[in-house]
Amino acid sequence: MRETKTYVAVAFNLPVEKFFWYILPSRFKRRLIKRGQRVVVPFGSRQILGFVVEESSRRPQGELKEVRDLFDRSSPFSETLFQLARWISDYYSCSLGQALHSIFPFSFPYKEEKPLFNPPSRDSLKREEVYLVKPGKNKFDFILSVIKDNKELQKQVIILVPEISLLATFQEKLERWKVKAGIFHSRLSPKQRYYCWLAMKKGEFDVAVGTRSLVFAPFPDIGSILIDEEESTDYKQKETPKYNVCQVAIKRGELENFPVYLVTNSPSLESWYRAKKKIYRTITFSNNEKEISSFKVVDLKKEKKENRIFSSILREEMKKALKRKLPVLLFVPRRGYANFLLCDDCGEVIRCPNCNTGLSFHIRGEMVCHLCGFREKAPKVCPFCGGRNLKKVGWGTQRVELETRRIFPEARVERFDFDTFKSSPHLIPSKIREEKIDILVGTQLLMKEEIISVSGVVAIILLDVLLNLPDFRATEHAFQLLNKISRSLNKNSSLIVQTYNPSHYVLSTKTCEDFYLKELEIRKTLRYPPFQRWIRFLLEGRVKSKVKDRSEEIAREIRKENIDFLGPSPCPFSRIKGKYRYHIILRDDGLSDLQQIIKRVNLGMMKGSVKVGVDVDPLFIV
DNA sequence: AGCACGCCGACT
DNA sequence: GTCGGCGTGCTC
């Protein structure tokens, strides 16, 4: 019998759409090659790993090289996880190889692992739904009930949290409930993560808790995915593929037929809107409709100038809390000592040579760029005019820390921000319990339920910074923060909000419903999400004119497609790390096939020295 | 993404 | 002359 040759298509973890075909030597043919399995192949001048995505007995065109070796003994991808990769690659516009790699990123050779039990066949008549769960104070009761229900059915539950520091509480609860649980996050070593992955594949756990990439857990029979604090922007992946975990979980639920629970008391406007339109079902616990008005607003316009960090009301409240031996939490929206250095003689600001934004002034006379991390010694005289009157403008955590120590010399003050890596946020509640801290000064990193709930006073030193960020979701995020703090507070504790704009609607709306309706109205008139879907092209390059030219070239290409878009325009941060940045934002009302358009536009545009990136449903437009 | 290849400036 | 800077384009 004549031997027929076999050919395989390989996809790489590279920003290259197409597959590459190789001859599969007959010595490998005895073993079945499954799609998703990795092979070692020659690629240009090197040898790399790639995922087998197709097989054929017909010879493809062109010169072909041979597969050098099989890396895995079997495919790590289930049928549905492979389909999920396909969907990610289509929806978020990345190569199939990149999508497969983000689902299975391990560099260990995989060999077949059989589950410890046979998963029952799926009940494919029933279509499962997405639920927006507003648990009030009953979050853990709800989660436990979901775990119990699934345990009875021999199904596994995935619990996702926005970031690592939130895992400790879950770990504690799961231990107390005596649940066989795996913990999965990026701080584990590659080996630890892979072992956890294998254990999940075998079905050794009933539950897994973890961050973003746990959404790809290889459990044999998933009963449901719970996403805690679904509104968190941490659920958006920053690297390609720039997926949103909630969307990926929902897609996976559709493919594997299980319900997804978005658990939060302050939903994202998008999710709230979908629940309102009955695309998601809503589960509300009875004590949830508490009003959000339980905070005191301080009008800084009416304060004496020297009281603009600590208003008289705040000082009083702090004294009261300290007397009751309850810790005070001061939220300062930016780190460093001062916001920037301004020359009083010529008006120039000291700027980052890579990013052109104002460098912030840190203690010990250091200038730091918060965009790229650039550091230099603060100048004694103005580098532009030689003037000696360099003024420190604005303030951050370090300045507030010093002021706090000055005004409350007896108190034990601690600062917590990106610069103080000494302690992690989950250690702070225990420090507070041991009565080691009186006043905590920190950034957003501190705004954790378990920290807020043990505080006597929480103060937002200047709300206006949050409201005026260059982001159309700024108000929504400020609302979610206020809502989260006031819900987490003990009933005898208080939230104080200092602002120059006390009549802002984020402060004056009385219920969540009112706020979301108001915000929705604004989004509608301005044609922002959720009324339109956005896709952003980000162009970066060292030569400004080239970036600009290319962005105009792409704009011309898009114009042919007859689709609405903004730009091209320089990004709000027009230069980062020495690279000029332009963007174009496609705005779609849901009728056109944007993904196809991106492909057509991208095809002709991949050439050249300007990097073009695509972000589908972007969260940050900076 | 790498890596090679190619075309310009400043050095022994 | 030639070493090496990075801009450009290809990888079955």
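Just so we're clear, the structure is a prediction, and the values are computed from it rather than from any experiment. Convention: sequence-line order gives letters A, B, ...; per-chain numbering from 1.
Residues passing the ring pair (Phe, Tyr, Trp, His ring centres under 6.0 Å) test with A:Tyr243, sequence neighbours excluded: A:Phe216.
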Checklist entry - Does the side chain to side chain donor-acceptor pair (under 3.5 Å) test come out yes or no for A:Tyr91 and A:Asn244, once each step is laid out? => result CA-CA 11 Å; A:Tyr91 188 84; A:Asn244 187 313; over 6 Å; no
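Residue contacts shown for A:Pro60 are absent, as no nucleic acid heavy atom lies under 4.0 Å away. Backbone-only engagement by A:Tyr22 is indicated by non-hydrogen atom pairs under 4.0 Å involving sugar-phosphate atoms exclusively.
The listed nucleotides are C:dG7, C:dC12, B:dA1; the one nearest the side chain of A:Leu64 is C:dC12. For A:Ser45, whose side chain is taken as the heavy atoms from C-beta onward, the closest listed nucleotide among C:dT8, B:dA1, B:dC3 is B:dC3. Of the candidates C:dT8, C:dC12, B:dA1, C:dT8 carries the atom nearest the A:Lys546 side chain, counting heavy atoms from C-beta on.
Rounded to whole angstrom, the span from the NE2 atom of A:His101 across to the P atom of B:dA1 amounts to 13 Å. The separation between A:Phe43 atom CZ and C:dC10 atom P is 13 Å, rounded to whole Å. At whole-Å resolution of the value, NZ in A:Lys65 and C1' in C:dT11 are 8 Å apart. Computed from coordinates, the A:Phe12 CZ to C:dC10 C1' distance equals 13 Å when rounded to whole Å.
Both geometric conditions, a ring-centre gap below 5.5 Å and a plane tilt below 30°, are not fulfilled together for A:Phe20 over the base of C:dC12.
Ring centroid separation for the pair A:Phe51 and A:Phe104 does not come in under the 6.0 Å cut-off.
A:Glu256 and A:Thr80 form a side-chain donor-acceptor contact under 3.5 Å, judged by distance and modelled atom types alone.
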